[in-house]
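These notes concern the structure reproduced below.
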Amino acid sequence: LAYQTKVSGLLTRADWLDENNIFPNPAVLEALDRQKEKHLRMFIMEGLFFLLLVAIGARMIFKALKSIKKVREEQLLFIHSITHELKIPITSINLFLDTMRRRSYESKLVAELAPKMKEDLTRLNHLIDNILQIRKLSDRQADIRSDIIDVSTELRRYANLIAEKIETAGGRLNLNLEENLRIEANLSELVKIWESIIDNSLKYGHSGHLILTINLIATKNEVEMQFIDNGPGISEGMEEKLFQPFFRGNIENKNITPGSGLGLYIAREFARRYDGQIAIANVPSGGCKVSIRFKRLI
């Protein structure tokens, strides 16, 4: 019972109903206090759990909105980069054609402008190939076909092909290649990695004073290809960002220097397909070093 009385039997007199004769049952009060504390703890725990759910939900919504914003920014960057890179060669070709038309297609003028138009068309085709290649890589559509490659022979052959191009630009090519080194990769994709690196050195290196050194060295388990130039190097903290699609770094003349920022991204994806690694860093003497590592085949 919630209350106790000092008298037994029936309470026949109204003046007996006072606090001296009727008082709360201590055991019942103690039970009520325990129940009150239990409900209070339950309320606090449920409230904290609810707040935790609200916090988790808010964080998930924030991350979703941040992801949507990032995707949107990447889409805008893609559109800006692609339209910019497509517009330059198209505008150049139109200008060359208008010039030839106004001068009645003079043979001397045609001979002068035709190679430039061909160069612009090659650049345009290269950009389209890169875009298609990125789509294949992102959709996992690209076939993985590897071969055993004598990288010493193939890298020397490639270096001989680009030596004249570098010398024509006023540069110099140095080779230090160990012999009989083999890796497993796809030769055409490996060449595209080299082309991307050389292209960057030619575009951003010291005009007319480029010194490009290609080293091929081996450890017990790896083969490392090093491409070292004497250019301006890269800004601090850009080592990983340069491998993001369309990212070209903090380069003052990036608006006038041709390029879409896709080369290094594709190069890393190609290397990863064969468990290779590619990294870029500044060298103490000035310039930039790109290192490519593959597992060595004995």
Side-chain angles (χ1 to χ4, degrees), residues 74 125-163 165-166 173-203 212-229 234 238-249 259-283 288-298:
E74 289 178 350
N125 186 61
H126 180 67
L127 175 61
I128 294 173
D129 286 343
N130 280 344
I131 295 172
L132 294 176
Q133 187 63 60
I134 285 182
R135 181 182 179 278
K136 289 181 180 180
L137 290 171
S138 61
D139 292 343
R140 306 300 179 188
Q141 295 180 358
D143 296 331
I144 299 179
R145 299 178 182 178
S146 61
D147 300 303
I148 307 301
I149 299 174
D150 184 340
V151 69
S152 301
T153 301
E154 297 300 337
L155 186 53
R156 187 178 300 278
R157 180 182 292 117
Y158 175 76
N160 291 333
L161 291 175
I162 64 170
K165 181 179 181 180
I166 294 175
L173 177 63
N174 300 324
L175 287 181
N176 300 294
L177 309 180
E178 293 187 20
E179 299 297 334
N180 302 318
L181 300 182
R182 299 187 304 163
I183 62 173
E184 183 176 0
N186 181 283
L187 181 58
S188 62
E189 294 180 359
L190 189 61
V191 170
K192 287 182 180 179
I193 295 175
W194 297 340
E195 288 177 345
S196 176
I197 297 170
I198 299 299
D199 184 56
N200 283 337
S201 293
L202 289 172
K203 285 190 296 187
L212 178 63
T213 301
I214 301 178
N215 299 326
L216 180 63
I217 57 179
T219 62
K220 182 179 180 181
N221 299 317
E222 288 186 327
V223 172
E224 180 176 354
M225 292 159 265
Q226 299 177 344
F227 296 79
I228 306 172
D229 63 41
I234 59 175
M238 296 295 176
E239 292 83 354
E240 286 299 317
K241 291 183 178 181
L242 288 173
F243 292 98
Q244 297 177 3
F246 302 110
F247 186 87
R248 300 179 63 193
S260 59
L262 298 176
L264 288 177
Y265 168 76
I266 295 176
R268 171 169 280 188
E269 291 301 310
F270 279 157
R272 285 175 172 172
R273 281 153 61 86
Y274 308 100
D275 297 324
Q277 299 177 349
I278 180 171
I280 185 170
N282 289 323
V283 293
C288 185
K289 178 175 76 172
V290 181
S291 302
I292 311 168
R293 293 187 178 91
F294 283 92
K295 181 180 178 181
R296 181 182 181 183
L297 299 180
I298 306 299

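- Counting heavy atoms from C-beta on, the side chains of Lys165 and Leu202 come closer than 4.5 Å.
- Nearest heavy atom pair, residue Arg182 against residue Ile148, reads NH1-CG2, 3.9 Å.
- Minimum heavy-atom separation, Phe243 to Leu264: CD2-O, 3.4 Å.
- In this structure, Ile217 CD1 and Glu222 CD are separated by 10.0 Å, a value rounded to the nearest 0.5 Å.
- Of all the heavy atoms in Val283 and Cys288, the pair that sits closest is CG2-N, 4.1 Å.
- Scanning all heavy atoms of the two residues, the minimum distance from Phe294 to Ala185 falls at CE2-CB, 4.3 Å.
- In this structure, the side chains of Ile292 and Trp194 come closer than 4.5 Å at one or more pairs of heavy atoms.
- The minimum heavy-atom distance between Ala271 and Ile193, with the atom names listed, is N-CD1, 3.9 Å.
- In this structure a side-chain-to-backbone donor-acceptor pair under 3.5 Å is missing from Arg296 to Lys220.
- Asp147 contributes no side-chain N or O that, together with a main-chain N or O of Ile149, makes up a donor-acceptor pair within less than 3.5 Å.
- In this structure the side chain of Tyr274 never reaches within 4.5 angstrom of the side chain of Lys295, judged on heavy atoms.
- In this structure, Arg272 pairs ionically with Glu269, as a charged nitrogen and a carboxylate oxygen lie closer than 4.0 Å.
- Residues Tyr158 and Leu190 form no side-chain contact, since every pair of their non-hydrogen atoms from C-beta on lies 4.5 Å or further apart.
- One distance of note links CD1 of Ile197 with CD of Gln226; it measures 11.0 Å at 0.5 Å rounding.
- With hydrogens and angles disregarded, a donor-acceptor distance shorter than 3.5 Å links the side chain of Ser152 to the backbone of Asn180.
- If you take CG on Asn282 and CD1 on Ile228, they are separated by 12.0 Å, rounding to the nearest 0.5 Å.
- No side-chain donor-acceptor contact under 3.5 Å links Asn221 and Thr219.
- Taking CD1 of Ile234 as the reference point, atom CD1 of Ile280 lies at 4.5 Å (rounded to 0.5 Å).
- Summarising the geometry, atom CG belonging to Leu177 is positioned 10.5 Å from atom CE belonging to Met225; distances are rounded to the nearest 0.5 Å.
- When all heavy atoms are compared, the tightest approach of Gly263 to Ser196 is C-OG, 3.1 Å.
- In this structure, Leu242 CG and Asn200 CG are separated by 8.5 Å, a value rounded to the nearest 0.5 Å.
- Checking side-chain atoms of Thr213 against main-chain N and O of Asn174 turns up no donor-acceptor pair under 3.5 Å.
- Between Arg157 and Glu154 there is a salt bridge, since a side-chain N of the basic residue sits under 4.0 Å from a carboxylate O of the acidic one.
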